[in-house]
Novice: 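Structure provided below as structure tokens; questions to follow.
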Amino acid sequence: FLGSLVASASWRAMNYATDTYLDGSEAALALRYTYAFSPATTVALGAAVTRRDTTMSMHNYTGVRPSIELYHEMPNGLIGDLSVSYEHRFYDSDYFLLTEPRRDDILDVALGVTFRRLSWSGFAPRLEYDFEMYNSNSEHGNTISHGLGLTLTKHY
């Protein structure tokens with residue numbers, strides 16, 4: 001299978017005005033392999049590892065995030081895309097008021113449709129739906145969020 005493989009690395013410093021216990025740094029390494037099955041269908045597989053270090057060890061973690069993305073051109077000028085990723089964060093030490101390290105699991109699902117035939121001056125409307133399920137044994141608990149968006153894009 002011939003496709004394209006992209007590797008990326010990033011690092012950032014974090015300095016908060018009020019929550020200084022979160023000051024520190026974050027480094028990330030990622031790989032993404034993209035393969036076109038046909039001129040109309042592309043799939044991308046990815047994986048990322050993130051390391052976050054703060055001034056308080058209970059907020060330090062290593063996160064692992066596999067992902068998959070699918071793009072497909074449909075009839076009538078529609079472009080559909082679907083992405084799914086799951087991140088598990090391994091924290092370094094026991095969390096406040098817990099007898100064990102914090103655990104976070106984050107599932108992200110996004111679905112979008114771009115309407116190319118409705119383009120105007122090179123911009124096309126895009127309808128997006130996002131779903132996130134966040135599970136944690138900390139005070140953040142378990143949350144589910146939904147998002148719906150309508151944007152204009154030139155990338156299609």
Side-chain angles (χ1 to χ4, degrees), residues 4-35 37 41-74 78-116 123-156:
S4 64
L5 181 65
V6 175
S8 63
S10 65
W11 180 88
R12 67 180 179 154
M14 298 175 299
N15 293 303
Y16 294 86
T18 56
D19 300 329
T20 57
Y21 61 91
L22 293 173
D23 287 354
S25 64
E26 183 176 280
L29 296 173
L31 283 175
R32 180 179 164 159
Y33 175 74
T34 304
Y35 179 77
F37 285 98
T41 305
T42 303
V43 67
L45 301 172
V49 175
T50 302
R51 176 65 196 168
R52 184 169 192 174
D53 290 301
T54 67
T55 56
M56 292 183 74
S57 65
M58 70 179 176
H59 296 291
N60 297 347
Y61 67 83
T62 301
V64 177
R65 180 183 286 261
S67 63
I68 185 168
E69 300 170 49
L70 177 65
Y71 303 91
H72 184 69
E73 290 189 36
M74 299 178 281
L78 299 176
I79 301 173
D81 59 89
L82 170 69
S83 66
V84 178
S85 67
Y86 172 80
E87 181 175 5
H88 181 75
R89 293 179 180 168
F90 303 91
Y91 284 81
D92 291 357
S93 63
D94 291 351
Y95 195 68
F96 181 70
L97 297 179
L98 291 176
T99 58
E100 61 186 359
R102 178 174 161 185
R103 291 185 321 274
D104 291 348
D105 294 292
I106 305 161
L107 173 67
D108 287 310
V109 179
L111 180 63
V113 178
T114 303
F115 300 87
R116 271 194 318 196
F123 289 93
R126 175 176 165 74
L127 184 62
E128 304 167 325
Y129 169 74
D130 296 306
F131 170 83
E132 181 183 88
M133 185 169 56
Y134 182 96
N135 293 319
S136 178
N137 65 339
S138 72
E139 80 275 7
H140 301 289
N142 302 326
T143 60
I144 292 177
S145 65
H146 302 271
L148 187 61
L150 178 62
T151 60
L152 291 176
T153 182
K154 272 194 110 143
H155 300 284
Y156 56 87

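Quick caveat, the model's predicted, so the values are computed rather than measured. Residues take their numbers from the sequence shown, with the count starting at 1.
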Novice: My understanding is that only residues two or more places apart in sequence, or in another chain, count here; which of them pass side chain to side chain contact (heavy atoms under 4.5 Å, CB included) with Leu152?
Specialist: Phe123, Pro125
Novice: Check side chain to side chain donor-acceptor pair (under 3.5 Å) between Ser57 and all other residues, then give those that pass, not counting sequence neighbours.
Specialist: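 Applying side chain to side chain donor-acceptor pair (under 3.5 Å) to Ser57 gives Ser93.
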Novice: Could you tell me which non-hydrogen atom of Thr50 sits nearest to which non-hydrogen atom of Ala28, and how far apart they are?
Specialist: OG1-CB, 4.0 Å
Novice: For residues Phe115 and Leu78, determine if any side-chain heavy atom of one lies less than 4.5 Å from a side-chain heavy atom of the other.
Specialist: yes
Novice: Residues in ring-ring contact (aromatic ring centres under 6.0 Å, His included) with Phe131, at least two apart?
Specialist: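 Partners of Phe131 by the ring-ring contact (aromatic ring centres under 6.0 Å, His included) criterion, ordered by chain and then number, come out as His146.
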Novice: Identify every side-chain donor-acceptor pair in residues 11-21 under 3.5 Å, counting partners at least two apart or on other chains, and give the distances.
Specialist:
residue, atom, partner, partner atom, Å
Arg12, NE, Glu26, OE2, 3.4
Arg12, NH2, Glu26, OE2, 3.4
Tyr16, OH, Arg52, NH2, 3.0

Novice: Is there a donor-acceptor pair closer than 3.5 Å between any side-chain N or O of Asp130 and the backbone N or O of Leu111?
Specialist: no
Novice: Are Tyr91 and Asp104 side-chain neighbours, meaning at least one heavy-atom pair lies under 4.5 Å?
Specialist: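 Side-chain contact under 4.5 Å: yes.
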Novice: Could you measure the distance from the CG atom of Asn135 to the CD1 atom of Ile144? Nearest 0.5 Å is fine.
Specialist: 7.5 Å
Novice: Looking at Thr114, Thr151, Leu148, which hits side-chain contact (heavy atoms from CB on, under 4.5 Å) with Glu128?
Specialist: Thr151
Novice: State which residues pass side chain to side chain donor-acceptor pair (under 3.5 Å) with Thr55; sequence neighbours excluded, sorted by chain then number.
Specialist: none
Novice: Please tabulate, for the side chains in residues 59-74, all donor-acceptor contacts under 3.5 angstrom to protein atoms that are two or more places apart in sequence or on a different chain.
Specialist:
residue, atom, partner, partner atom, Å
Asn60, OD1, Thr54, N, 2.5
Asn60, OD1, Thr54, OG1, 2.9
Thr62, OG1, Arg51, NH1, 3.0
Arg65, NE, Glu87, OE1, 3.3
Arg65, NH1, Ser85, OG, 2.6
Arg65, NH1, Asp108, OD2, 3.0
Arg65, NH2, Glu87, OE1, 2.7
Glu69, OE1, Arg32, NH2, 3.4
Glu69, OE1, Tyr71, OH, 2.5
Glu69, OE2, Arg32, NH1, 3.4
His72, ND1, Ala40, O, 3.4
His72, ND1, Thr41, OG1, 2.6
Glu73, OE1, Arg116, NH2, 3.3

Novice: Using the six-membered ring wherever Trp is involved, compare the ring planes of Phe37 and Tyr35 and label them parallel, tilted or perpendicular (cut-offs 30° and 60°).
Specialist: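 The rings of Phe37 and Tyr35 stand perpendicular, inter-plane angle above 60°.
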Novice: Any chance you could measure Tyr33, atom OH, to Leu45, atom CG, to the nearest 0.5 Å?
Specialist: 8.5 Å
